[in-house]
Protein chains: 2
Amino acid sequence: MVTAGSGNTSNSQRYSGRMADTEGLGPEQLATYFVLMESVSLLQHAVEQQLRADGDLSYVQFQLLARLTDAQGQLTMTELADGVVYSRSGLTYQAGLLEKAGLVTRGPSPDDERATLVTITDAGRQRVDQVLPGHVEVARRLLFAPLSGEDVRALGDVMTRVRDHMRAEPPRSAAARARRRDG
Amino acid sequence: MVTAGSGNTSNSQRYSGRMADTEGLGPEQLATYFVLMESVSLLQHAVEQQLRADGDLSYVQFQLLARLTDAQGQLTMTELADGVVYSRSGLTYQAGLLEKAGLVTRGPSPDDERATLVTITDAGRQRVDQVLPGHVEVARRLLFAPLSGEDVRALGDVMTRVRDHMRAEPPRSAAARARRRDG
DNA sequence: GCCCCATAGTTCGAATTCGAAGCAACTCGG
DNA sequence: CCGAGTTGCTTCGAATTCGAACTATGGGGC
């Protein structure tokens, strides 16, 4: 058995494994990993449908706009790609689409002539506002519905630690790009 | 603020409006949702690198082989696609690649003339064995390293419930067809 | 046995993705 | 100031993905 029953509905949690030191993972960890990937996959599919239906956006495009909204200003292409976990060439493509749609603008940076600053437009903000309610609704219905407040807090806590850990860890094999804020 | 600080480590939980009209989901949940998606994105990228390097497989291909291993036998294309959260046409493409690589075989079903039964070959099993150690290692290093055994158990439990919930819900709004199993 | 429609897979076209290669600008030591 | 190496972004080609259209089989009602 490889995936430890990732396709089953029942949760046979009768394994009391522990973090092995030199060995691999126990079935419990492996099952956790697989169910995590599967759930997010399902969620992402649903979310993509909603964004496309409500505002003709892909999830990546939504992420980019949301990130720009967060930044309260402009971001360089690299910062944007880095935040969204995306290839640079892919971002060039998507930024082109967003610019053509009038949701962002691209301009040169005063500090660095090479850099391209991406700015969200009012139409872009409007689009985010347009899809956000439905987006939130999907997340609530699919992800949060079966969870208690305590579950949500635990999930957020755990995944935040995982995210921070992965962000701190270099990709290890590929040509690691420079990390600002060396921590 | 939209993503409630998805690029930060934690807190900064203030945001300005825009979500209050959809009751029931606060910034904490939204942040949890975003950090979940981000983490899995990072993890998936790393895993894809490993699989490609260790066994020249994409994550989807690995999933398909793993699922076939689990099934201990043959699965139809639809069962396979459904388990992996994948489009049917995409599966046809990938199954073609796997067949050409000699990792699976495709044959007609005795029960249903329309169905195609996909079977993993010994070479396929071998390939899974070949990449699984490194795969597990990546998961351990990136996902489980910062987590306690209790964290892992909680994560598995929560995501299992989420997965079951989403599997029970008809996620496809547009092409919701295959849901006639219940009564 | 014959319609009608649902189901299983494939094919096809369009869109998206990535990595490698290329170009422009920045940095630093001499 | 020059050259080498680095960084930011885009272009390019190949691979992958999805949805819609299509073919063929299965099942129910008549």
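Just so it is clear, the values below take in all heavy atoms, side chains as well, and ignore hydrogens, waters and symmetry mates. Every chain is numbered from 1, with letters handed out A, B, ... down the list of sequences. Predicted model only: the values in this text are computed from it and were never measured.
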Query raised in the report: Heavy atoms under 4.0 Å, any strand shown: does A:Leu97 hit a base, just sugar-phosphate, or nothing?
Result: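 Sugar-phosphate contact only - A:Leu97 comes under 4.0 Å of backbone atoms but never of a base.
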Query raised in the report: Reckon B:Ser58 touches a base, only the sugar-phosphate, or nothing at all at heavy-atom distances under 4.0 Å?
Result: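 Nothing, no nucleic acid heavy atom in range.
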For [X], check side-chain hydrogen bond (donor to acceptor under 3.5 Å, both in side chains) against everything at least two apart and list the hits.
| X | value |
| --- | --- |
| B:Thr76 | B:Glu79 |
| B:Glu99 | B:Arg106 |
| A:Asp56 | A:Arg52 |
| A:Asp54 | A:Gln50 |

**Report entry** N/O donor-acceptor pair under 3.5 Å between A:Asp157 side chain and A:Ala154 backbone
**Finding:**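 No, because the side chain of A:Asp157 does not come within donor-acceptor range (under 3.5 Å) of the backbone of A:Ala154.
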Query raised in the report: Of the candidate nucleotides D:dT11, D:dT16, C:dT17, which contains the atom at the shortest distance from the side chain of B:Tyr93?
Result: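 The answer is D:dT16.
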Please list each protein N or O that sits under 3.5 Å from an N or O in nucleotides 19-23 of chain C, with the distance.
from   : atom 1 : to      : atom 2 : distance (Å)
C:dG19 : OP1    : B:Gln49 : NE2    : 3.4
C:dG19 : N7     : A:Ser89 : OG     : 3.2
C:dG19 : O6     : A:Ser89 : OG     : 2.9

Would you say [N] has OP1 or OP2 under 4.0 Å from some side-chain N or O of [X]?
| X | N | result |
| --- | --- | --- |
| A:Tyr86 | C:dT17 | yes |
| A:Thr78 | D:dT7 | no |
| A:Gln94 | C:dA15 | no |

Rounding to a whole Å, what distance do you find between [X]:[atom1] and [N]:[atom2]?
| X | N | atom1 | atom2 | answer |
| --- | --- | --- | --- | --- |
| B:Glu79 | C:dA8 | CD | P | 9 Å |
| A:Glu48 | D:dT17 | CD | P | 13 Å |
| B:Asp56 | D:dA15 | CG | C1' | 12 Å |
| B:Leu57 | D:dA15 | CG | P | 16 Å |
| B:Leu91 | C:dT10 | CG | P | 8 Å |
| A:Lys100 | C:dA15 | NZ | P | 10 Å |
| A:Glu99 | D:dC9 | CD | P | 14 Å |
| A:Met77 | C:dA25 | CE | C1' | 16 Å |

Report task. Strictly below 4.0 Å, heavy-atom distances to any atom of DNA chain D: list the hits from residues 103-121 of chain A, or just say none. Result ->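 Contacting residues: A:Arg106, A:Arg114, A:Ala115, A:Thr116.
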Requested in this report: Please list all pairs passing the side chain to side chain donor-acceptor pair (under 3.5 Å) test where one or both residues lie in residues 116-126 of chain A, with sequence neighbours left out.
Outcome: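 Qualifying pairs: A:Gln74-A:Thr119.
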Query raised in the report: Can you pull the ring pair (Phe, Tyr, Trp, His ring centres under 6.0 Å) pairs that have at least one residue in residues 77-112 of chain A, sequence neighbours excluded?
Result: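 Matches after skipping sequence neighbours: none remain.
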Report task. List, by chain and then residue number, the residues other than A:Leu117 in its hydrophobic cluster (Ile/Leu/Val/Met/Phe/Trp/Tyr, side-chain heavy atoms under 4.5 Å); write none if there are no others. Result ->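 In the cluster with A:Leu117 there is nothing else; it is isolated.
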**Report entry** Residues A:His135 and A:Tyr59: side-chain donor-acceptor under 3.5 angstrom
**Finding:**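 A:His135 vs A:Tyr59: no donor-acceptor pair found between side chains.
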